[in-house]
Novice: 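So that we are looking at the same thing, I have put the structure below in structure tokens.
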Amino acid sequence: MSLRDELTELGDLFRAYQKRPEPDLALLADLQERKARAFLTWSDVSCDVTLRLEAKRAEQAAAVIRRQHQHRTGCVPDGEEPGVARLLTGPPQWEYVRSVLTHVAGHTPLPGAEARLLVLMLTLRTAHSGTGNLVGQDVNALGLTDPEDLVEQLTGCGWLSLPGTVGDLLASRPENPTPITVPSLVPGKDGTGPFTFGRKTRPKLSGWAQRVVSDKKLRKAKAPAGARLLAVTLATWTDDVGRLGSGGRGVTLDALTTRVPVDADELRDLIDRLTAADWLTDAALTDTHLTGRLTERVLPLTCPLPD
């Protein structure tokens, strides 16, 4: 490509970038680096010092933008703090969370979003050994319509095992937690269970989910279980800057309702609730997709999708 063609194409690319609905800092840094190379070549050909200075400014702009992108995505050099300090710190933990959500979507023994949320939280509490400890507040804080009845249904169908009554569980306090067992998560004779993460990772994943569902603005709004389940789900379905879906292209409704089992009207209501709670912004629901982004304040809770 000739220098003239390169400069013409760069001009077109910069104008196209300015029309983008969302910023892409990695792309912009690439364009600035390409501009720096082109202007340096132009300077050599024309012996114009001002063009060399322009090339230097483009190099500096590229470096600044690249660093901004690295800080936003958490991909910064060793020893530096990322711009978004995520509660779960890297792709392996993000994939572990997604693996639990996928498992729960296929193994919740009762219908509905409330059962799905409770099973998710109990699965994360017992994922490594099939056993764990629970207190009443862990269940009562989930926005369930009738916590006692739902736990009764889970014990009645054999999915959950308690040493005493459901009332005892719901009344238990941190100084005297209730031991619980999820038989389907107890490792088999070969010592393996449905998940690959280890004993030290499990409480990190559980703590992350607890932070999401007990988000202060969701609590203040008395968000129902469905809204909290949607919040957990969307937190694992963003790109590195919080846009929904890979590359910000949104989430298909077929995939979303597999994770959040509600009808279209209820989904719209839950989206409105998350928007009002400053969790979701620019949300647009069509017949096929949900697009939008998570707000800046909840980016630390996101688990970005692979590029």
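Keep in mind that the numbers below use all heavy atoms, side chains included, and drop hydrogens, waters and symmetry copies. None of these values were measured; they are calculated from a predicted model.
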Novice: To the nearest 0.5 Å, tell me how far Y17 OH sits from L31 CG.
Specialist: 8.0 Å

Novice: Mind running side-chain hydrogen bond (donor to acceptor under 3.5 Å, both in side chains) on D254 and T252 for me, showing each step along the way?
Specialist: CA-CA 5 Å; D254 287 344; T252 68; 5.7 Å; no

Novice: With distance as the sole criterion, is a donor-acceptor pair present between the side chains of R259 and T102 under 3.5 Å?
Specialist: yes

Novice: So with a 6.0 Å cut-off around CZ of R211, is the heavy-atom count from everything else above 12?
Specialist: no

Novice: Return the CG to CG distance between L150 and L110, rounded to the nearest 0.5 Å.
Specialist: 6.5 Å

Novice: Going by an N to O cut-off under 4.0 Å, is there a salt bridge joining D269 and R273?
Specialist: yes

Novice: Would the number of heavy atoms belonging to other residues, nucleotides or ligands and lying under 6.0 Å from CG of D287 be above 12?
Specialist: no

Novice: Check whether the side chains of S214 and R219 place a donor and an acceptor atom closer than 3.5 Å, and report yes or no.
Specialist: no

Novice: With rounding to the nearest 0.5 Å, note down the distance linking CG in L160 to CD in Q153.
Specialist: 12.0 Å

Novice: Could you label the plane-to-plane angle of the H103 and H107 rings as parallel, tilted or perpendicular, counting under 30° as parallel and over 60° as perpendicular?
Specialist: parallel

Novice: Out of the candidates L101, T108, T233, only one should pair with R116 under the side-chain contact (heavy atoms from CB on, under 4.5 Å) rule; please name it.
Specialist: T108

Novice: How far apart are the C-alpha atoms of R86 and T302, what are their side-chain angles, what is the distance that settles it, and do they pass the side-chain hydrogen bond (donor to acceptor under 3.5 Å, both in side chains) test?
Specialist: CA-CA 7 Å; R86 289 186 166 88; T302 56; 3.0 Å; yes

Novice: Using a distance-only test with no angle check, is there a side-chain donor-acceptor pair under 3.5 angstrom linking D168 and T165?
Specialist: yes

Novice: Do NZ/NE/NH1/NH2 and the carboxylate oxygens of K220 and D278 come within less than 4.0 Å?
Specialist: no

Novice: How close do C303 and L88 get, counting heavy atoms only, and between which atoms?
Specialist: SG-CD1, 3.9 Å

